[in-house]
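Side chains included, hydrogens not; waters and symmetry mates left out as well; all remaining heavy atoms used. We're numbering straight along the sequence, starting at 1.
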Amino acid sequence: QLAPNYTAAFNDLGLAYVGKLQTDTANRAIWLEKAVAAFRKAAELAVNDPGFEQGYPARIEDYIRRLAAQYNTEVPTAP
């Protein structure tokens, strides 16, 4: 269980899911969905976290789009 307001933890979780996305090809859709959810949670928290730059949320959405394009899939929608 991650601390609910720990931005860096959600960012790092997203990166870990990207690692799984790259190695577990049979479950790419699942790992992409989990990575997107973690990155979006980090982006949401980053707005009030001085440890993250102001442009982080926009950059992470761009990164999500590039990941989806790299794996030839649509970007998972926000819940």
Side-chain angles (χ1 to χ4, degrees):
Q1 183 76 26
L2 296 178
N5 296 318
Y6 189 25
T7 310
F10 283 99
N11 183 74
D12 292 348
L13 181 61
L15 293 173
Y17 287 142
V18 169
K20 293 296 286 183
L21 172 69
Q22 295 168 346
T23 60
D24 183 8
T25 58
N27 295 300
R28 278 191 175 148
I30 293 167
W31 296 120
L32 180 61
E33 185 176 323
K34 289 178 178 276
V36 167
F39 283 135
R40 286 190 171 146
K41 180 64 176 178
E44 174 187 321
L45 295 172
V47 173
N48 296 314
D49 188 330
F52 283 78
E53 296 175 7
Q54 186 176 14
Y56 175 82
R59 281 196 323 279
I60 205 63
E61 282 299 323
D62 183 54
Y63 180 64
I64 289 168
R65 283 190 295 278
R66 287 188 320 228
L67 270 178
Q70 179 180 349
Y71 292 102
N72 209 19
T73 187
E74 291 187 26
V75 176
T77 56

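- Shortest non-hydrogen contact noted between Val18 and Ala35 is CG2-CB, 4.1 Å.
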Exercise for review: Evaluate the side chain to side chain contact (heavy atoms under 4.5 Å, CB included) criterion for residues Phe39 and Ile64: first the C-alpha distance (whole Å), next the side-chain angles of each, then the deciding distance (0.1 Å), finally the verdict.
Suggested key: CA-CA 8 Å; Phe39 283 135; Ile64 289 168; 4.1 Å; yes
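- With a 6.0 Å radius and a threshold of 12 heavy atoms from other residues, nucleotides or ligands, Glu61 has its CD atom above the threshold.
- Once rounded to the nearest 0.5 Å, the distance linking CZ of Arg65 with CD1 of Ile60 reads 10.5 Å.
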**Study point:** From CA spacing to verdict: side chain to side chain donor-acceptor pair (under 3.5 Å), Tyr56, Asp49
**Key:** CA-CA 11 Å; Tyr56 175 82; Asp49 188 330; over 6 Å; no
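- Separation of atoms OH (Tyr6) and CG (Asp12) is listed at 7.0 Å; rounding is to 0.5 Å.
- Atom CG of Leu67 is separated from atom CG of Asp62 by 10.0 Å, given to the nearest 0.5 angstrom.
- Rounding to the nearest 0.5 Å places CD of Glu44 at 9.0 Å from CG of Asn5.
- Put simply, NZ on Lys34 and CG on Leu13 are 8.5 Å apart, with the number rounded to the nearest 0.5 Å.
- For the atom pair NZ (Lys41) and CG (Asn11), the distance works out to 14.0 Å, reported to the nearest 0.5 Å.
- No chain of hydrophobic side-chain contacts below 4.5 Å, direct or via other Ile, Leu, Val, Met, Phe, Trp or Tyr residues, connects Tyr17 to Ile30.
- Pairing each heavy atom of Pro57 with each of Ala43, the nearest pair is CG-O, 3.6 Å.
- The minimum heavy-atom distance between Arg28 and Gln22, with the atom names listed, is NH2-O, 4.5 Å.
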